[in-house]
Amino acid sequence: MTTADRPALRPDFLRDLLVVPHGPLARLEVVEESVSTNTELAAAVAADPQAWPAPALLVAEHQVGGRGRAGRTWETPARTALTGSLLVRPDVPRGRLSWLPLLAGLATVRCLRATAGVEAVVKWPNDVLVPAAGGEAVEEIEGWGTLRKVAGILCELLPDGGAIVGVGLNVLQGEGELPVASATSLALAGAATTDREVLLTALEESFALTLGRWQDAGGDAEAAGLVAECVEVSATLGAHVRVELTGGGQVIGEAFGFGPDGSLLVRGDDGTVRSLHSGDVHHLRVGSGSTAGPEASTGTGGAASSGPVGGPVGAPAG
């Protein structure tokens with residue numbers, strides 16, 4: 001693929017579209033290279049908070065050390081992905097910020113379905129998956145089935161009460177540029193568009209709409225109708241799963257709902273229900289669909305700690 005097939009983002013053009021008064025952002029910066037946009041944005045905000053009014057977006061054309069859960073790192077070839085971090089300061093109780101990963105996943109799915117024409121879904125809490133191209137000939141991968149990871153999300157809380165939502169979306173990578181078989185890109189998935197500027201604009205508008213509804217409801221995701229939408233786009237609910245816990249051990253059972261803080265409710269084979277806040281989810285067997293059914297628990301509340309919120313996040317190609 002030539003450079004012409006991978007054009008650079010145009011910062012001034014994007015600012016005209018996305019920065020006030022025409023768009024939802026207060027500031028937008030595009031850099032050629034970043035080790036991690038989450039790390040760099042957090043440092044910039046700490047050094048000069050007044051220079052970074054929320055919502056502010058930092059985008060890197062080439063990210064060489066993106067951070068995921070458990071210290072994992074990942075790299076994207078230049079101009080093939082959308083890798084960026086969004087600074088938000090939602091006017092909601094801090095305890096409700098634990099919904100941010102799921103809401104970020106929902107916003108990403110809505111954008112990809114509407115703009116790229118792919119049937120994106122969320123693997124709890126915030127990996128975005130799309131069907132692998134190839135129809136009936138697609139090989140199933142253990143833990144993933146016929147779905148492939150196209151995006152990952154990392155949410156982190158700041159000491160001053162703000163939060164950073166990092167998103168990595170694979171757009172133009174070919175098969176040889178993806179490090180694992182469970183990953184894909186929009187180009188490989190047959191997306192209706194792989195124009196990164198179109199996708200970035202749509203993604204930020206989707207985030208603004210989703211987080212705006214959440215904030216208008218005082219951080220009550222259920223009252224805003226967002227919990228039901230998270231259920232609708234979930235690939236995990238209704239599936240038999242194995243969850244490898246962050247501190248060690250695992251839980252196997254049916255994922256059947258979300259807890260009041262966005263945790264995953266899993267009913268073990270012995271009938272015990274566990275509320276899980278982090279871990280690597282492997283889909284062992286898909287149930288009747290993405291709808292959790294009448295026993296699904298929905299609601300809001302719960303506590304969010306400083307540092308990462310959510311569970312298995314990070315590399316879109318991981």
Side-chain angles (χ1 to χ4, degrees), residues 34 36-46 52 54-60 63 66-74 82-111 122-128 149 151-169 203-204 206-208 210-215 219 221 224 226-227 229-230 233-234 236 246 258-264 276-281 300-316 318:
S34 172
S36 163
T37 54
N38 266 32
T39 299
E40 293 192 13
L41 181 56
V45 172
W52 291 93
L57 178 65
L58 175 65
V59 179
Q63 186 159 259
R67 292 187 297 112
R69 193 183 66 82
R72 296 168 183 164
T73 61
W74 51 276
L82 284 176
T83 53
S85 297
L86 178 69
L87 171 69
V88 294
R89 300 188 184 280
D91 185 16
V92 303
R94 189 169 178 83
R96 291 178 171 173
L97 290 175
S98 56
W99 274 98
L100 261 179
L102 278 172
L103 298 182
L106 173 64
T108 304
V109 163
R110 292 300 190 208
C111 164
V122 176
K123 180 166 78 72
W124 182 89
N126 43 21
D127 284 346
V128 179
K149 183 174 178 179
I153 298 165
L154 178 65
C155 297
E156 298 180 285
L157 303 187
L158 300 178
D160 64 4
I164 290 177
V165 181
V167 178
L169 172 64
L203 188 60
E204 291 312 310
S206 184
F207 266 63
T210 302
L211 298 185
R213 288 172 56 193
W214 180 51
Q215 180 169 280
L226 294 167
V227 175
E229 293 184 22
C230 287
V233 304
S234 175
T236 301
T246 303
F258 296 133
D261 55 358
S263 58
L264 183 67
L276 306 179
H277 295 85
S278 65
D280 282 324
V281 175
T300 57
S305 61
S306 61
V309 291
V313 294

Student: Tell me whether W52 contacts the main-chain N or O of A42 through its side chain, where contact means a donor paired with an acceptor under 3.5 Å.
Tutor: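 It does not hold such a pair.
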
Student: What's the separation between atom CD1 in I164 and atom CG in L158, rounded to the nearest 0.5 Å?
Tutor: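 I164 atom CD1 to L158 atom CG measures 4.5 Å (nearest 0.5 Å).
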
Student: Looking at CG of L157 and CG of L100, how far apart are the two atoms once the value is rounded to the nearest 0.5 Å?
Tutor: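 Answer rounded to 0.5 Å: 7.5 Å.
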
Student: If we ignore angles and hydrogens, is there a donor and acceptor under 3.5 Å between the side chains of T37 and Q63?
Tutor: yes

Student: Quick one: closest heavy-atom pair of T210 and L226, and the distance?
Tutor: O-CD1, 3.8 Å

Student: Within the side chain of W214, is there an N or O that forms a donor-acceptor pair under 3.5 Å with the backbone of G219?
Tutor: yes

Student: Can you see which heavy atom on F207 is nearest to which on L86, and at what distance?
Tutor: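 For F207 and L86, the tightest heavy-atom pair comes out as CD2-CD2, 3.8 Å.
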
Student: Would you say the side-chain atoms of D261 and S263 include a donor-acceptor pair closer than 3.5 Å?
Tutor: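 Present: a donor and an acceptor within the cut-off.
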
Student: Show the numbers, then the answer: is there a side chain to side chain contact (heavy atoms under 4.5 Å, CB included) between L264 and H277?
Tutor: CA-CA 7 Å; L264 183 67; H277 295 85; over 6 Å; no

Student: For P101 and S98, which heavy atoms make the closest approach, and how far apart are they?
Tutor: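 Smallest heavy-atom distance, with atoms named: CD-O, 3.4 Å.
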
Student: Quick one: does L57's side chain get under 4.5 Å of S85's, heavy atoms only?
Tutor: no

Student: Is a side-chain N or O of T83 found less than 3.5 angstrom from the main chain of A60, in a donor-acceptor match?
Tutor: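 Pair found, side chain donor or acceptor close to backbone of A60.
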
Student: At their closest point, which heavy atom of P90 faces which heavy atom of L97, and how far apart are they?
Tutor: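 Scanning both residues completely, I find the closest heavy atoms to be CG-CD2, 3.6 Å.
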
Student: Could you tell me whether a side-chain N or O of K149 sits under 3.5 Å from a main-chain N or O of V128, the two making a donor and an acceptor?
Tutor: no

Student: Can you run down the salt bridge (Lys or Arg N to Asp or Glu O under 4.0 Å) pairs that involve residues 102-111, sequence neighbours left out, and say none if there aren't any?
Tutor: R110-E229, R110-E232

Student: Mind checking what makes salt bridge (Lys or Arg N to Asp or Glu O under 4.0 Å) contact with D160, not counting sequence neighbours?
Tutor: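 By the salt bridge (Lys or Arg N to Asp or Glu O under 4.0 Å) rule, D160 matches R89.
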
Student: Does the pair T39 and L41 meet the rule for a side chain to side chain contact (heavy atoms under 4.5 Å, CB included), with working shown?
Tutor: CA-CA 6 Å; T39 299; L41 181 56; over 6 Å; no

Student: Given I153, which partner from the list L169, D127, T108, V122 fulfils the side-chain contact (heavy atoms from CB on, under 4.5 Å) test?
Tutor: T108

Student: Step by step, work out the side chain to side chain contact (heavy atoms under 4.5 Å, CB included) result for N38 and L58.
Tutor: CA-CA 8 Å; N38 266 32; L58 175 65; over 6 Å; no

Student: So, S234 side chain and C230 main chain: donor-acceptor pair closer than 3.5 Å or not?
Tutor: no

Student: Test side chain to side chain contact (heavy atoms under 4.5 Å, CB included) on V88 and L211; report intermediate values, then the result.
Tutor: CA-CA 9 Å; V88 294; L211 298 185; 4.0 Å; yes

Student: Taking all non-hydrogen atoms of both residues, which atom of W124 and which atom of G262 are closest, and how far apart?
Tutor: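 Here W124 and G262 meet closest at NE1-O, 3.1 Å.
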
